[in-house]
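Single-structure report; data block below.
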Number of protein chains: 2
Amino acid sequence: MTPATAALFDALGDPTRRAIVSRIARGPVSVSALATPLGISLTAVGQHLRLLEKAGLVLSEKQGRTRSCALRPEGLRAVEQWAQACRKEWEARLDRLGDLLDALPDA
Amino acid sequence: MTPATAALFDALGDPTRRAIVSRIARGPVSVSALATPLGISLTAVGQHLRLLEKAGLVLSEKQGRTRSCALRPEGLRAVEQWAQACRKEWEARLDRLGDLLDALPDA
DNA sequence: TGAAAAGTCAAGTTGTTGCTTCAGTATCAG
DNA sequence: CTGATACTGAAGCAACAACTTGACTTTTCA
């Protein structure tokens, strides 16, 4: 697993950050808009955002006095790909095993 | 996000557990076989396994004095699906935005 | 039978991390 | 200009989680 992918799963390992990602997926939001429903401080959201941004899941930009947060779909795609790679590796093994059994004399 | 999916991401939020999943994906292994390359105790691996099993990523069964650990592909599939759902939601939004711009008079 | 191997259980330690508060900066609205 | 809003930075705290050790059980095999 590449360090970049590790950062993605580390980031998504926290429920608050997952909620933030979910919310951002519905459209760009400000820091306050994220903080309010979560019931945590702006500072806390800022800390999560920095991590999410570092992981490549989110992109944010300051517009005036507010910060607008957007999703980086590539981050999520990398998550999908790692999970899929693991799964496929396992399933391929099962397939080979099945073929082997099929090839047994008088199966 | 469903509690089951949350458990999946919580489980994959730890680098050691991701390494365990990666290893198991290559084929069934014992607890010792997992512990050795990680350089941690059997106890530690056991604790991770319990969590992974609870999350639905791994299935293990004791055979004699060793425990054989297998992958549960459905767990990984759920991970893929959550990431994909978020991503698609965002991308759909971008598409709608594009359509809107295309429909503008004298674009 | 008895020693080694594989794992489990309970309890304890320690580092990390998610969050807070407080103080500060920058921007907007009247 | 003034007050309010939106955020940022530094510092500190408290809970959790990963791991360890030591004692124990069960299985293997020579």
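Keep in mind the model is a prediction, meaning the values are calculated, not measured. Reminder, nothing fancy here: chain letters follow the sequence lines and each chain counts from 1.
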(message) Heavy atoms from C-beta onward define the side chain here; which of D:dT8, C:dC19, D:dT21 lies closest to that of A:I40?
(response) C:dC19

(message) Whether the side chain of B:Q63 and the base of D:dT27 hold a donor-acceptor pair under 3.5 Å is what I'd like checked.
(response) no

(message) Checking contacts here: which listed nucleotide (C:dT8, D:dC19, C:dC19) is nearest the side-chain heavy atoms of B:V31?
(response) C:dT8

(request) Quickly work out the A:E61 CD to D:dA6 P distance and round it to whole Å. (result) 18 Å

(request) Could you tell me the separation between the NZ atom of A:K62 and the P atom of D:dA6, rounded to a whole number of Å? (result) 12 Å

(request) Return the 5'-most residue of the pair B:L51, A:L42 with respect to DNA chain D, ranking by each residue's nearest nucleotide. (result) A:L42

(request) Starting at CG of B:L52, measure out to CG of B:L59 and round the result to the nearest 0.5 Å. (result) 11.5 Å

(message) Assess the residue pair A:V29 and A:S68 against the criterion (side chain to side chain contact (heavy atoms under 4.5 Å, CB included)); give the C-alpha distance rounded to whole Å, side-chain angles, the decisive distance to 0.1 Å, and a yes or no.
(response) CA-CA 5 Å; A:V29 258; A:S68 173; over 6 Å; no

(message) What's B:G46 touching, base or sugar-phosphate or nothing? Going by heavy atoms closer than 4.0 Å.
(response) nothing

(request) Please report the closest heavy-atom contact between B:L76 and A:C86, naming both atoms and the distance. (result) CD1-CB, 3.5 Å

(request) Applying salt bridge (Lys or Arg N to Asp or Glu O under 4.0 Å) between A:E91 and each of A:R87, A:K88, A:R93, report the one that passes. (result) A:R87

(message) Expressed as a whole number of angstroms, how long is the span from B:R67:CZ to C:dA5:C1'?
(response) 16 Å

(request) Calculate the interatomic distance between B:R50 atom CZ and C:dC9 atom C1'; express it in whole Å. (result) 10 Å

(request) Would you kindly give the CG-to-C1' distance between A:L49 and C:dG18, to the nearest whole Å? (result) 14 Å

(request) Measure distances between side-chain N and O atoms of A:R65 and base N and O atoms of C:dA26, and say whether any donor-acceptor pair falls under 3.5 Å. (result) no

(message) Let's see if you get this right: which residues in residues 16-26 of chain A place a heavy atom under 4.0 Å from DNA chain C?
(response) A:T16, A:R17

(message) Taking B:S60's backbone N and O only, do any of them form a donor-acceptor pair with B:E53's side chain (distance below 3.5 Å, no angle check)?
(response) yes

(request) Mind calculating the distance between NE2 (A:H48) and C1' (D:dT8) to the nearest angstrom? (result) 16 Å

(request) Find the distance B:Q47:CD to C:dA6:C1' and express it as a whole number of Å. (result) 16 Å

(request) Measure the spacing between CD of B:E61 and SG of B:C69 and express it to the nearest 0.5 Å. (result) 10.5 Å

Throw together a table of side-chain donor-acceptor distances under 3.5 angstrom for residues 7-15 of chain B, partners on residues two or more places apart or in other chains.
{"unit_1": "B:D10", "atom_1": "OD1", "unit_2": "A:R18", "atom_2": "NH1", "d": "3.1"}
{"unit_1": "B:D10", "atom_1": "OD1", "unit_2": "A:R18", "atom_2": "NH2", "d": "3.0"}
{"unit_1": "B:D14", "atom_1": "OD2", "unit_2": "B:T16", "atom_2": "N", "d": "3.1"}
{"unit_1": "B:D14", "atom_1": "OD2", "unit_2": "B:R17", "atom_2": "N", "d": "3.0"}

(message) At less than 4.0 Å, is any side-chain N or O atom of B:S41 found next to OP1 or OP2 of D:dT20? Yes or no.
(response) yes

